[in-house]
Student: 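Here it is: the structure, laid out below.
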Amino acid sequence: MSTNADTNELSEEPDAISAAAPASAQPAAESESDGGDDYSTDRRFVMFQAMPAWLVSTLVHVLILVILGLVSIADPIQIVNVLTASSSQDNGPEVEELSIEDFDPGELAESEETVEEVEITDPVEMVEPVAMETPVMDIASVPLEMSDFAIDVAPAATSLQSMSMMNMRPTDSRSSDMKKKLLREYGGTESSEAAVTEALKWFSRHQIKVGPNAGAWTFQHEIVCKGACGNGCTKEGRARQLNAATSLALLPFLGAGQTHIKGEFSGVVMAGLRFLVQNGKPGKERGLPYIDYRAGGSMYDHGLAAITLCEAYAMTGDPELAGPAQASLNFISVAQCRDGGWRYGIRDSSGGDTSVVGWQVMALKSGHMGHLIIPPNAIQGSVLFLDKVASDNGSIYGYTGPVTSFRPATSAVGLLCRMYTGWDKNHPGIKRGVQHLAKRGVLKKDLYYDYYAAQVLRHHGGKEWDEFNTELRDWLVETQDQSRGAKGSWFFPEVKHLSDSGRLCLTSFATMILEVYYRHMPLYAEVAAEEEFPL
């Protein structure tokens with residue numbers, strides 16, 4: 001508007017100047033001209049001569065300012081357009097957060113970056129909410145805009161520490177090349193890997209394909225395969241624990257490097273994660289959003305689901321998993337008992353037990369691997385609980401309190417938690433605990449103990465691990481079922497702790513044991529990819 005006004009004033013300026021010129025100047029100009037064009041030119045020249053010097057100077061400066069003003073108005077428009085186009089291309093995935101309608105897509109719609117963005121989000125679409133009828137919860141109440149939900153559930157309190165700036169690649173051990181290297185170095189064989197592959201095929205055959213629980217697994221797996229293999233769960237209520245069964249089925253896939261984005265079984269993993277994401281119960285406590293995965297079970301179920309979601313997120317970085325993974329960690333913090341442990345329910349007044357604590361610490365460790373926000377109070381509390389149940393300088397762990405003699409399962413759980421929370425290889429508790437485990441050896445009637453002991457000894461290494469691994473590995477390979485319906489699975493009716501959960505549960509633990517070589521990078525290697533929790 002000001003530019004137009006200046007232009008109008010400028011166009012009227014000559015007439016005003018002419019009107020102000022002295023009348024005596026006009027006859028002089030006429031006498032010096034013969035008429036025609038020469039007269040007109042001389043007359044205008046005399047007019048400028050008659051003008052005061054300050055007026056001429058003002059006119060010249062006004063013209064210059066107007067010209068510069070027009071130039072400065074035009075150039076920024078071009079600059080803005082250039083910056084807009086550049087921003088859309090450089091920021092990649094952030095383009096979707098902008099209002100695309102405000103821009104002319106032009107060539108941007110055909111750029112390579114736009115195509116890559118579509119490829120990245122394709123698998124995410126599978127995790128979007130679907131219409132499911134399940135007695136566990138009201139699906140409509142779940143906030144499944146996970147990218148946005150991740151921002152909401154991430155605790156902002158100063159007492160929480162983000163791992164996002166740490167330079168870690170802990171799941172590199174599951175890549176194809178690294179798997180081969182770690183298999184050779186830590187005692188895996190072609191036979192053990194073949195057994196893992198057969199187990200994954202068994203799991204894929206027993207996934208629920210249709211109905212309200214599509215994508216899930218159940219401890220009553222014989223219903224899915226229509227009796228092709230038996231030995232389902234026998235304990236009352238196990239059939240309702242869909243989150244636990246689904247998690248125990250998904251973890252072997254993730255351990256083998258299979259994700260919902262990449263791998264031979266990506267579709268199986270996708271369906272399982274989609275079910276798991278939707279089958280949690282959202283809530284909020286003191287402003288902290290969480291998702292509770294205990295449905296039909298206890299904190300055991302929640303810990304397993306949290307490990308699964310955090311591992312899947314750590315392996316893929318899929319933003320659609322960030323929300324539920326973080327929310328599951330938030331619930332672990334909410335459910336912690338006053339003694340720093342965890343038990344079956346939320347903040348159990350009787351305190352925690354070592355078995356449940358093991359799953360929660362492993363879930364927090366998996367979240368740490370994925371650079372999610374870890375509540376330091378949860379880690380510090382778990383350390384206090386471990387101190388409470390420890391004996392023999394930290395080499396032996398009881399269930400809810402200290403014990404005088406070596407208790408295999410809880411001691412193996414406690415030692416692994418100590419490794420994760422910062423005890424180094426030369427700590428007296430670790431050194432003596434490893435000797436306890438090595439002396440007890442493989443317990444073929446306690447696969448739960450074998451699972452934890454294998455991790456402790458593998459991280460420690462040495463002859464203790466070599467002897468333990470050889471016996472356990474060869475026994476599992478030899479006992480894998482080869483019958484038509486049950487091929488690739490395991491079932492031991494005499495096994496403690498797990499047999500009442502049936503063939504699916506035992507197959508999960510056996511498979512994860514055979515993946516121990518590469519499931520996690522060794523904690524005590526010269527260059528370890530994993531780090532202790534921040535305390």
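Keep in mind the model is a prediction, meaning the values are calculated, not measured.
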Student: Tell me yes or no: between the side chains of Glu198 and Gln482, is some donor less than 3.5 Å from an acceptor?
Tutor: no
Student: Are Trp475 and Phe492 close enough, and set up right, to give a ring-ring contact (aromatic ring centres under 6.0 Å, His included), and what steps lead you there?
Tutor: CA-CA 12 Å; Trp475 172 64; Phe492 309 104; 4.9 Å; yes
Student: Please indicate whether Lys284 has more than 12 foreign heavy atoms, meaning atoms of other residues, nucleotides or ligands, lying under 6.0 Å from its NZ.
Tutor: no
Student: Identify which one of Arg240, Lys235, Glu236 satisfies the side chain to side chain contact (heavy atoms under 4.5 Å, CB included) criterion when paired with Arg238.
Tutor: Lys235
Student: More than 12 foreign heavy atoms under 6.0 Å from CD of Glu494: is that the case here?
Tutor: yes
Student: Kindly determine whether His221 and Asn231 satisfy side chain to side chain donor-acceptor pair (under 3.5 Å), including the steps that lead there.
Tutor: CA-CA 9 Å; His221 67 277; Asn231 310 117; over 6 Å; no
Student: So, Asp353 and Tyr399: side-chain donor and acceptor under 3.5 Å apart, yes or no?
Tutor: yes
Student: Begin with the C-alpha distance, continue with both residues' side-chain angles, and end with the deciding distance and a verdict on salt bridge (charged side-chain N to carboxylate O under 4.0 Å, His left out) for Lys444 and Asp450.
Tutor: CA-CA 8 Å; Lys444 296 180 180 179; Asp450 292 331; over 6 Å; no
Student: Parallel under 30°, tilted from 30 to 60°, perpendicular over 60°: which one fits the rings of Phe253 and Trp217?
Tutor: tilted
Student: Tell me if the aromatic rings of Tyr452 and Trp359 count as close, with their centers under 6.0 Å from one another.
Tutor: yes
Student: For residues Cys229 and Glu222, report the shortest heavy-atom separation together with the two atoms involved.
Tutor: O-CB, 3.4 Å
Student: What class does the angle between the rings of Phe509 and Tyr448 fall in, given that below 30° is parallel, 30 to 60° is tilted and above 60° is perpendicular?
Tutor: tilted
Student: For Glu185 and Lys181, run salt bridge (charged side-chain N to carboxylate O under 4.0 Å, His left out): C-alpha distance rounded to whole Å, both residues' side-chain angles, the deciding distance at 0.1 Å, then the answer.
Tutor: CA-CA 6 Å; Glu185 293 183 2; Lys181 181 177 184 294; 2.6 Å; yes
Student: Report the C-alpha distance between Glu311 and Lys365 in whole Å, list the side-chain angles of each, state the deciding distance to 0.1 Å, and finish with yes or no for salt bridge (charged side-chain N to carboxylate O under 4.0 Å, His left out).
Tutor: CA-CA 9 Å; Glu311 284 198 7; Lys365 177 65 177 179; over 6 Å; no
Student: Honestly, is Arg458 close enough over Tyr186, meaning NZ or CZ under 6.0 Å from the six-membered ring centre and within 45° of the axis?
Tutor: yes
Student: Is the charged tip of Arg418 near the ring of Trp423: under 6.0 Å from the six-membered ring centre and within 45° of its axis?
Tutor: yes
Student: Walk me through it: do Glu285 and Arg347 pass the test salt bridge (charged side-chain N to carboxylate O under 4.0 Å, His left out)?
Tutor: CA-CA 13 Å; Glu285 181 167 316; Arg347 296 186 291 271; 3.0 Å; yes
Student: Evaluate the ring planes of Tyr290 and Phe331, with Trp represented by its six-membered ring, and classify them as parallel (under 30°), tilted (30 to 60°) or perpendicular (over 60°).
Tutor: tilted
Student: Would you check if Pro324 and Tyr313 make a side-chain contact, meaning some heavy-atom pair closer than 4.5 Å?
Tutor: no
Student: Do Ser382 side-chain atoms and Ile379 backbone N/O form a donor-acceptor pair below 3.5 Å?
Tutor: yes
Student: Quick check on Lys487: does its NZ atom have over 12 non-hydrogen neighbours (other residues, nucleotides or ligands) under 6.0 Å away?
Tutor: no
